[in-house]
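To start, the structure itself, in structure tokens.
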There are 4 protein chains.
Amino acid sequence: MPIMRTKDENKKEALFRATIKLVNEIGFASSSVSKIAKEANVSPSTLYVFFDNKEDLLVSTYVEIKTQLAHALLENFDDTLPIRDIIRNGWYSVFNYVSEHPDEAAYMEQFSNSPYSELVDKAVVEREFVPFGNVMVKGIEQKIIKDVDISILAAFIFNPLFRLANPRLCAELEMNEEKLEQAFGMAWDAIKL
Amino acid sequence: MPIMRTKDENKKEALFRATIKLVNEIGFASSSVSKIAKEANVSPSTLYVFFDNKEDLLVSTYVEIKTQLAHALLENFDDTLPIRDIIRNGWYSVFNYVSEHPDEAAYMEQFSNSPYSELVDKAVVEREFVPFGNVMVKGIEQKIIKDVDISILAAFIFNPLFRLANPRLCAELEMNEEKLEQAFGMAWDAIKL
Amino acid sequence: MPIMRTKDENKKEALFRATIKLVNEIGFASSSVSKIAKEANVSPSTLYVFFDNKEDLLVSTYVEIKTQLAHALLENFDDTLPIRDIIRNGWYSVFNYVSEHPDEAAYMEQFSNSPYSELVDKAVVEREFVPFGNVMVKGIEQKIIKDVDISILAAFIFNPLFRLANPRLCAELEMNEEKLEQAFGMAWDAIKL
Amino acid sequence: MPIMRTKDENKKEALFRATIKLVNEIGFASSSVSKIAKEANVSPSTLYVFFDNKEDLLVSTYVEIKTQLAHALLENFDDTLPIRDIIRNGWYSVFNYVSEHPDEAAYMEQFSNSPYSELVDKAVVEREFVPFGNVMVKGIEQKIIKDVDISILAAFIFNPLFRLANPRLCAELEMNEEKLEQAFGMAWDAIKL
DNA sequence: GATGAATGAGTGTTCATTCAT
DNA sequence: CATGAATGAACACTCATTCAT
């Protein structure tokens, strides 16, 4: 019975992955600590070396994903482009992230619609999205975008996107390049003046 | 003609209400059968008189809400109006339902983003929304609405709406008559040709 | 697999007995709920039908014993006898109880010296011993007993007794009729004026 | 000549203190090795440098206290005094020790009433109290003290004392110089011929 | 000598469900 | 129809202890 003393971070990441996978497959209710640990090839007690408790694991997993998403969004963020292009870039970045990480996206949706979401320090999460919000403010000032609350704008840009990219909600819908451009067009029509 | 409910139906309804309340407050994971039964002032074993098991209770609760929502949507459905007005009426009906039944709406969101949603017989649920779908088809034929998949259209009409009406997701946002009309305008801009 | 639906009280008593036995044999620290349940031939979950939690079980067991002891003490309590005889009767009653129920006595000692003892509603327990306390008050008034706090008197009457009757503390000591009378004589010498 | 303690001995003592404190506050059952180590500002694994296991720690702590108590008892032991005075000195020495070290005393009581006590090498512990026992033997020979087993004598001298000095058992009782002298008087009355 | 990482075994407790009544 | 008693299985979590460093 060899005792591996590998570096921690591998285990922590394995736990994130296991959490995402299991919560998507069987939901929060059935994703027990022991199942998650087994999926991550770790002893249940080892989980408590990295997280305070189950709640902490779930919330940390969410914050981890949200941060990744923010990075994806800002990766090709170019302030000098026309506003429509900035938003279009962001929209596609998010779509790509969600398409390439459907499990992470599904976890995010399930989490943010559950009471667990109230445990997240929202300031920390939202901070990452500020630059993108600023663009919308600028768009409003330049009379390019409708003068409504930022959260209403965001609801029209990102919410349909999440739904369309979510195979659980839109199993039958196969997105392709053309439909994608149509969808962004609709999002833009919704918010443009 | 007042409907005389038998004792049973009162209990069944009490169980629906208890389920909705508890799942919203503490989530699926913590909403145990015994807690739900206690909240409904019923013995846990009585629950099994009305439902096969916990899963059946959760799914039935969802279907019940979805059906109520469909009724609300179709209540003032008038085929003879212009297409924009039909959709506007539907949009407002849904918004009103969600505003007046925030718990039901939150349950719906939480349920439909969870793996439980795969247990629902979708045909049954979607049947109720067919008339509304037909209106959109007609709108496409009449070149009033963009020619894209119905589910994409629905995503732009209803998804932002649910988010805006959901206090968990938009706690800080106070919707009023003006913002509401703006929001519908945006939804319409998104789908109209 | 026959399902016995015997009357509850049997199980509750079996749990009391199992608790006393195990706590004496292996101590509070090792007396787990599952071990106690197994000793009582009951499922661990059944234990929670009768007691709120482990603490409640331990405290209830103590109160049960204390109540039995009080009954033993008062059984042949005769107010009309001379004060020395009343106290002597009580002293022998307690000694007999402790000799015949060494496990209960040992549990009592272990419990009352542990932090669990702070969870007991002392008013309830002490109420039962009031008549005996009154005799001592009368003895003080009649100048038969030293005028000191009742708890000091009680410490001299009952504490040595418990120690002498406790096989854990006095394993080597075999009490017989003569030593017993000597011991009571010492207790009486301590408190008499 | 100040005693230079090596680093180790400080840690060992810190572990003794932590054990006593925690066992008094939360009992044996809840005093885990890790809690004790944390209280002593030491790693749990360090504990195993000084003690074989948890049991060894608990027993060693008891023996340590018992030895301190014996030292206190013998500190002003003067063989040349009259027997009553020797015993009185011892009685007061013990009372003082218990008053000044209530935690140690409470630990001792809790320990000696638990099954752990069976793990102690009694010969080692009792050896320290031999001189005091000899005094009682001499008292018996000189017809000053009742001719009964030493352990019965000890039970009347020390048991009430421990109870009276134990705040857990006698919370309400405030001992003062007068009550103290009364209490010793009673102990003496119990054993004197 | 001292410790942080790790874990199998076990903790107290709650679970969904059954069954006799 | 409705329920109280009962439980095996599972829960989240902590335990005493080990071992490489």
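To find a chain, count down the sequence lines: A is the first, B the second, and so on, and within it residues start at 1.
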Would you say C:Y62 and C:S117 make side-chain contact, with heavy atoms under 4.5 Å? no

Spacing of D:L15 atom CG relative to E:dG1 atom C1', expressed in whole Å: 14 Å

Kindly state whether the ring of B:F28 and the ring of A:F28 have centres lying under 6.0 angstrom apart. no

Please determine if a side-chain N or O atom of C:T46 lies less than 4.0 Å away from the OP1 or OP2 oxygen of F:dA5. no

Counting side-chain heavy atoms from C-beta on, which of F:dT17, E:dA16, F:dA6 comes nearest to D:N53? F:dT17

For D:D56 and F:dT17, give me the distance from atom CG to atom P, rounded to whole Å. 10 Å

C:D52 or A:S43: which one's nearest nucleotide on DNA chain E is closer to the 5' end? A:S43

Counterpart base for F:dT21, defined by Watson-Crick or G-U wobble contacts under 3.5 Å: E:dA2

Base, sugar-phosphate, or nothing: which does A:F50 touch, judged by heavy atoms less than 4.0 Å apart? sugar-phosphate

Separation of F:dA12 P from A:L22 CG (nearest whole Å): 11 Å

Classify the ring geometry between B:F16 and B:F51 as parallel (under 30°), tilted (30 to 60°) or perpendicular (over 60°). perpendicular

Taking for each residue the nucleotide of DNA chain E bearing the nearest heavy atom, is the 5' side occupied by C:K35 or by A:V49? A:V49

Got a sec: does the CD of B:Q68 have more than 12 other heavy atoms crowding it under 6.0 Å? yes

In this structure, how many angstroms lie between the C1' atom of E:dT18 and the CZ atom of B:F51, rounded? 19 Å

Distance in Å, B:K54 NZ paired with B:Y48 OH, rounded so as to fall on 0.5 Å steps: 9.0 Å

Here the distance between atom C1' of E:dG8 and atom CG of A:L47, to the nearest Å, is 15 Å

Along DNA chain F (nearest heavy atom to each residue), the more 5'-positioned of B:N41 and D:S31: B:N41

Pick the nucleotide of DNA chain F nearest each of A:F28 and C:P44; which residue has the one closer to the 5' end? C:P44

Length of the line joining B:I26:CD1 and E:dT14:P, which is rounded to integer Å: 13 Å

Take atom OH of A:Y48 and atom C1' of F:dT14, then tell me their distance rounded to the nearest Å. 9 Å

Can a side chain N or O of A:K54 be found less than 4.0 Å away from OP1 or OP2 on F:dC13? no

Given C:E13 and C:R17, is the salt bridge (Lys or Arg N to Asp or Glu O under 4.0 Å) satisfied, shown in steps? CA-CA 6 Å; C:E13 221 184 280; C:R17 277 200 306 272; 3.2 Å; yes

Provide, to the nearest angstrom, the distance between the CG atom belonging to C:L57 and the P atom belonging to E:dG12. 10 Å

Watson-Crick/G-U partner (both atom distances under 3.5 Å) of F:dA10: E:dT13

Using a 4.0 Å heavy-atom cut-off, does C:V33 contact any base of the nucleic acid, only the sugar-phosphate backbone, or nothing at all? base

Classify the nucleic acid contact of D:S32 as base, sugar-phosphate or nothing, counting any heavy atom under 4.0 Å across all strands shown. sugar-phosphate

Taking only side-chain N and O atoms of A:S45, does any of them lie within less than 4.0 angstrom of OP1 or OP2 on E:dA6? no

